[in-house]
J.: 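Please find one structure pasted underneath; my questions will follow.
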Amino acid sequence: MNLANAYSDLLWDGLKPTVISDVNTYIKEIDVNYAVIEMEYKAMSITSQDVMSYYTVKEFYKISYKDVPVASQTDEADGAGTDGIYFDETASYDEAYSDEQDADTVTETEPKITMLSYDRYVDEYFDKDGIDAINNVYEIGIVSSDDLEYRYTEDNKKIAFVRNGQLWMYDYGDGQITLVYGSGMDDHANDSNTYADHDMNIISFDKDGNMTFAVYGYMNSGDHEGKLGVALYTFDYTTLEVDELLFVECNVPYEAMKSETSRLTYYDGDKFYYMLGGKVNAVDMKTRQQSYIAEGLSASDVKVSVNMEVMAYGESEDQSSNTKLTLMNMHTGKSYEITAGAGECLICYGFKDSDMVYGVSSISDAQVDVDAESFVGTRYSEESRDNIPASRLYIVNSDGEQIKEYAKSGYYLMQVDVDTNLLYLTRGEKSDSGFKSVDDDFITFKEDDTKETIGTTHLSSITGYDRLYFTVPSNMYLSYIPALNITKEKIDPDAASMIMTVVRDKVTYHVYDNLGLSKIYDVAGDAINYAVSVSGIVVSSEGEVIYRQAESQEYNTIASGIFHRSTRSVDASLGDCLYMVLTYQGVQVTEDDIAQYTDPVEALNSLGKRQGIDVTGLSLDMLLGYVSSGIPVISRISDGRYVLIVSYNEADIRYYDPVEDKEIVVSRDEYTDMMLQWHNESYTYVEE
């Protein structure tokens, strides 16, 4: 829940929980005017039927602080505004927004603390007694996310699932349930038992209840307690033994590991595959040697089937250079290459079950603009902004054989979403003004509606609380509570251990929402846009905070601190802007120093005192947040020239144009139109 919920929700709507653990308080972020505070604890509630339920609770407070000017009666009489800052409506832009406003007009200030947001996440611990015989469902509990990892056998009589750092296996036929992996079942108040910075992937699950699974993150018990890493296990249902086959210790924190390793762990009996450090790693279990089958990948570059048996990746992050896709079937050990034709490039959209979906685009279409306004209200997202629209779509099976083609003359695929039983095609058509939105289309997949399977559903209790449940086929009757089995660890002398040190060769941008790392991007601008949508923050892989929610000033100028440089050339305007930014940082550089670099971010990082970032794609309002903090922004406009944004107020923008060798004032709307011609290409840096 959050501040948009009803007051009764804030007070738990009758659940009446009791805190049963220490309240762990974490300062997630803090500076002079902004703080994010997390409180984490365990709670318990008891129903009128004396049923006890346990929960892990996380609360997040985002708070701003600032000193608000308070005007004296004298100031108001002299024409000061209600905010205590004198403003002459007849003054020019430079006079009204100069750095030299009269500080004496502000007589005093008073502190103001604002609650920007409050969020509470509740996850109920699984209780094996949660059989609902009346509705024929098995309760999972209150959940903060529907993202539940589970598998079931073909006869639907066995279910394996992950919940709150525990791996369970329910056997309907034998009336038993097994805690395969995890601790804290009877001691929810113990932090060492319930510390949840790890997760699991179920790799395989057979009809006899045997499992292979991977655990990744922080190990809070056992021989590897206190270490970060990836572990591979097998479970034998007959003996109730868990056997550790491999443990790879690494230097990657859980949240970063989750963004990669959660996507791919697979074991074929000979090799263990997992994604970490921008690589698809392969460990030969016989030789105990690790290699990799692909490197230099971001999490978005690799597409993986739901069962993790098949994956696909391209040869380049830049789609226009991506002329080959590699499809790897790890179950059979075979790989297939799909190549583009002359003047074409490829894009992989993902998998429908084990079938790969990809598109073919014309490289020349990378230069065609997109009419963004026409796509308002469609699924077309910021993440698809850099994709080249595809004219053809193909579906191939796990053996590389084509099973479907989609192409309609004059129509282009702007975005393809792989939903459960269909492909949702967001389409456009090309005109003189660029790609414009047209009606969406679909590719549907026929499902066998007669075959009932295990599923999940939400049901509300009499208190109004929504809980998640397993549903079962109609020929199964959940009538009694299963008996509990506890596994034992097998002592395996052949278990392997190794250490992996991850060294990233490129800077990536990590978006953190309340619950931790959400996504990783290669471009800071894409990361910031997503962070805005989830009220998150962006941190670079080098530890710098790139973006956080903050209140910008109504106006600001740094024009007086900029040393102008002009070569009066559009081609040289980027170098001029870099020179001015570096000089503003207090760095002495020459034209030859800057000429060594073709990438402006690389130039800022190599020559400057601050971390440069590519903020392409940000709106003008977002860019002005940097100017509000005293940081200039390099922006590309009109005929391709680069300019430096140095000042703004609520109506206008002032920028220095090195081609014209002068400062120019235009309206915000006019400048926004000038930026759109180059897809808001912009560069700046962040303070330490």
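These values consider heavy atoms only, across backbone and side chains, with no hydrogens, waters or symmetry-generated copies.
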J.: For the pair V57 and M39, evaluate side-chain contact (heavy atoms from CB on, under 4.5 Å) and give the outcome as yes or no after the intermediate values.
T.: CA-CA 8 Å; V57 185; M39 299 177 70; over 6 Å; no

J.: Is there a side-chain contact between V280 and M311, using heavy atoms and a 4.5 Å cut-off?
T.: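 Heavy-atom side-chain distance check passes, below 4.5 Å.
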
J.: Taking the side chain as every heavy atom from C-beta outward, state whether R654 and Y648 have any atom pair closer than 4.5 Å.
T.: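 They are not in contact (no side-chain heavy atoms under 4.5 Å apart), so the answer is no.
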
J.: Looking only at atom types and distance, does a side-chain atom of N201 sit under 3.5 Å from a main-chain N or O of T261, one as donor and one as acceptor?
T.: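 Yes; judged by distance alone, with no hydrogens or angles, the pair exists.
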
J.: Do S384 and Q415 have side-chain N/O donor and acceptor atoms under 3.5 Å apart?
T.: yes

J.: In the structure I gave you, are the side-chain heavy atoms of D371 and E373 within less than 4.5 Å of one another anywhere?
T.: yes

J.: With no hydrogens and no angle check, just 3.5 Å: does a side-chain donor-acceptor pair link Q585 and Y685?
T.: no

J.: Among residues at least two apart in sequence or on other chains, which ones pass salt bridge (charged side-chain N to carboxylate O under 4.0 Å, His left out) with D318?
T.: none

J.: Sub-3.5 Å donor-acceptor pair from the side chain of E260 to the main-chain atoms of G277, do we have one?
T.: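 Yes, because the side chain of E260 sits within donor-acceptor range (under 3.5 Å) of the backbone of G277.
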
J.: Just checking Y656 against H564, ring centres under 6.0 Å apart?
T.: yes

J.: Can you give me the closest heavy-atom contact between N281 and Q290, atom names plus distance?
T.: OD1-NE2, 3.7 Å

J.: Check ring-ring contact (aromatic ring centres under 6.0 Å, His included) between Y273 and all other residues, then give those that pass, not counting sequence neighbours.
T.: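 Counting only residues at least two positions away or on another chain, Y273 forms no ring-ring contact (aromatic ring centres under 6.0 Å, His included).
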
J.: Using 0.5 Å steps for rounding, measure from the OG1 atom of T114 to the CD1 atom of I63.
T.: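 Reported value, rounded in 0.5 Å steps: 9.5 Å.
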
J.: side-chain hydrogen bond (donor to acceptor under 3.5 Å, both in side chains) with T616: which residues, sequence neighbours excluded?
T.: D614

J.: How about L3: does its CG atom have over 12 heavy atoms from other parts shown lying under 6.0 Å from it?
T.: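 Yes, because the 6.0 Å sphere around CG of L3 holds more than 12 heavy atoms from other groups.
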
J.: Taking the side chain as every heavy atom from C-beta outward, state whether L346 and T323 have any atom pair closer than 4.5 Å.
T.: no

J.: If you take all heavy atoms of I637 and V643, which pair is closest and at what distance?
T.: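 For I637 versus V643, the nearest heavy atoms are CD1-CG1, 3.8 Å.
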
J.: Testing D673, N649, D621 for side chain to side chain donor-acceptor pair (under 3.5 Å) with R668, which one passes?
T.: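 It is D621; the other options fail the test.
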
J.: Keeping D199 on the side-chain end and Y216 on the backbone end, is there a donor-acceptor pair under 3.5 Å?
T.: no

J.: Does Y254 offer a backbone N or O that forms a donor-acceptor pair with the side chain of D197 under 3.5 Å?
T.: no

J.: Could you check whether any side-chain N or O of T378 sits under 3.5 Å from a backbone N or O of Y380, counting only pairs where one atom can act as donor and the other as acceptor?
T.: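 Yes; at least one donor-acceptor contact below 3.5 Å.
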
J.: For the residue pair E315 and Y313, confirm or rule out a side-chain donor-acceptor distance under 3.5 Å.
T.: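 Y313 and E315 do not have a side-chain donor-acceptor pair below 3.5 Å.
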
J.: Apply ring-ring contact (aromatic ring centres under 6.0 Å, His included) to Y626 and list each qualifying residue two or more places apart in sequence or on a separate chain.
T.: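 Testing Y626 for ring-ring contact (aromatic ring centres under 6.0 Å, His included), a comparison that skips the adjacent residues, returns none.
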
J.: Donor-acceptor check, side chain of T684 to backbone of P632, threshold 3.5 angstrom: yes or no?
T.: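 Side chain of T684 to backbone of P632: a pair is present.
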
J.: Report the C-alpha separation of D657 and K662 in whole Å, then their side-chain angles, then the decisive distance to 0.1 Å, and conclude whether the salt bridge (Lys or Arg N to Asp or Glu O under 4.0 Å) test is met.
T.: CA-CA 6 Å; D657 185 340; K662 64 180 180 181; over 6 Å; no

J.: Indicate yes or no: at least one non-hydrogen side-chain atom of D365 is less than 4.5 angstrom from one of F435.
T.: yes

J.: Tell me, do I634 and L574 make a side-chain contact under 4.5 Å, heavy atoms counted?
T.: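 Side-chain contact under 4.5 Å: yes.
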
J.: Name all residues meeting the ring-ring contact (aromatic ring centres under 6.0 Å, His included) criterion together with Y292; count only those two or more places apart in sequence or in a different chain, and write none if there are none.
T.: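 Y292 satisfies ring-ring contact (aromatic ring centres under 6.0 Å, His included) with no residue once adjacent residues are dropped.
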
J.: Any salt bridge linking K58 with E40? Criterion: basic side-chain nitrogen under 4.0 Å from a carboxylate oxygen.
T.: no

J.: Under the side-chain contact (heavy atoms from CB on, under 4.5 Å) rule, collect the residues that match up with A312, sequence neighbours excluded.
T.: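 A312 satisfies side-chain contact (heavy atoms from CB on, under 4.5 Å) with L327, C348, F351, M356 once adjacent residues are dropped.
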
J.: Applying salt bridge (Lys or Arg N to Asp or Glu O under 4.0 Å), run through E591 and R565 and close with a yes or a no.
T.: CA-CA 11 Å; E591 184 177 343; R565 176 184 174 84; 3.2 Å; yes

J.: Please list, chain by chain and in numerical order, all residues satisfying side-chain contact (heavy atoms from CB on, under 4.5 Å) with V589, sequence neighbours excluded.
T.: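 Partners of V589 by the side-chain contact (heavy atoms from CB on, under 4.5 Å) criterion, ordered by chain and then number, come out as Y579, L582, V587, D593, I594, L607.
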
J.: Is a side-chain N or O of S606 found less than 3.5 angstrom from the main chain of A603, in a donor-acceptor match?
T.: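 Pair absent, no side-chain N/O of S606 close to backbone of A603.
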
J.: Using atom types as modelled and distance alone, determine if a side-chain donor or acceptor of S647 lies under 3.5 Å from a backbone N or O of N556.
T.: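 Checked: pair present.
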
J.: Check the side chains of S364 and S362 for a donor-acceptor pair under 3.5 angstrom, ignoring hydrogens and angles.
T.: yes

J.: Can you list the residues that meet the salt bridge (charged side-chain N to carboxylate O under 4.0 Å, His left out) rule with D669, with sequence neighbours excluded?
T.: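 Residues passing salt bridge (charged side-chain N to carboxylate O under 4.0 Å, His left out) with D669: none at all.
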
J.: Going by the rule side-chain contact (heavy atoms from CB on, under 4.5 Å), which residues pair with V532 if we only count those two or more places apart in sequence or in a different chain?
T.: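 With neighbours one apart ignored, the set is I528, Y547, M622.
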
J.: Between N2 and R120, is there a side-chain heavy-atom distance shorter than 4.5 Å?
T.: no

J.: Might you confirm whether atom CD of Q588 has over 12 heavy atoms from other residues, nucleotides or ligands at distances under 6.0 Å?
T.: no

J.: Backbone N or O of C345 within a donor-acceptor pair of the S361 side chain at under 3.5 Å?
T.: no

J.: Could you tell me which residues satisfy salt bridge (charged side-chain N to carboxylate O under 4.0 Å, His left out) with D661, sequence neighbours excluded, listed by chain and number?
T.: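 Result, salt bridge (charged side-chain N to carboxylate O under 4.0 Å, His left out) vs D661: R568.
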
J.: Report the C-alpha separation of S540 and H510 in whole Å, then their side-chain angles, then the decisive distance to 0.1 Å, and conclude whether the side-chain contact (heavy atoms from CB on, under 4.5 Å) test is met.
T.: CA-CA 6 Å; S540 77; H510 302 188; over 6 Å; no

J.: Is the closest side-chain heavy-atom distance between Y530 and Y521 below 4.5 Å?
T.: yes

J.: Less than 4.0 angstrom from a charged side-chain N to a carboxylate O is my criterion; do D67 and K112 meet it?
T.: no

J.: Looking only at side chains, do S628 and Y555 share a donor and an acceptor under 3.5 Å apart?
T.: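 The answer is no; no qualifying pair exists.
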
J.: I'd like to check the salt bridge (charged side-chain N to carboxylate O under 4.0 Å, His left out) partners of D639; sequence neighbours left out, ordered by chain and number.
T.: R641

J.: For Y274, give me all partners under ring-ring contact (aromatic ring centres under 6.0 Å, His included), at least two apart in sequence or on another chain.
T.: F272

J.: Evaluate E59 against Y118 for side-chain contact (heavy atoms from CB on, under 4.5 Å), listing each step before the verdict.
T.: CA-CA 7 Å; E59 298 181 346; Y118 167 78; 3.2 Å; yes

J.: Do S316 and N322 pair up side chain to side chain, a donor and an acceptor below 3.5 Å, judged on atom types alone?
T.: no

J.: Hydrogens and angles aside, do E38 and T25 bring a side-chain donor and acceptor to less than 3.5 Å of each other?
T.: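 T25 and E38 do not have a side-chain donor-acceptor pair below 3.5 Å.
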
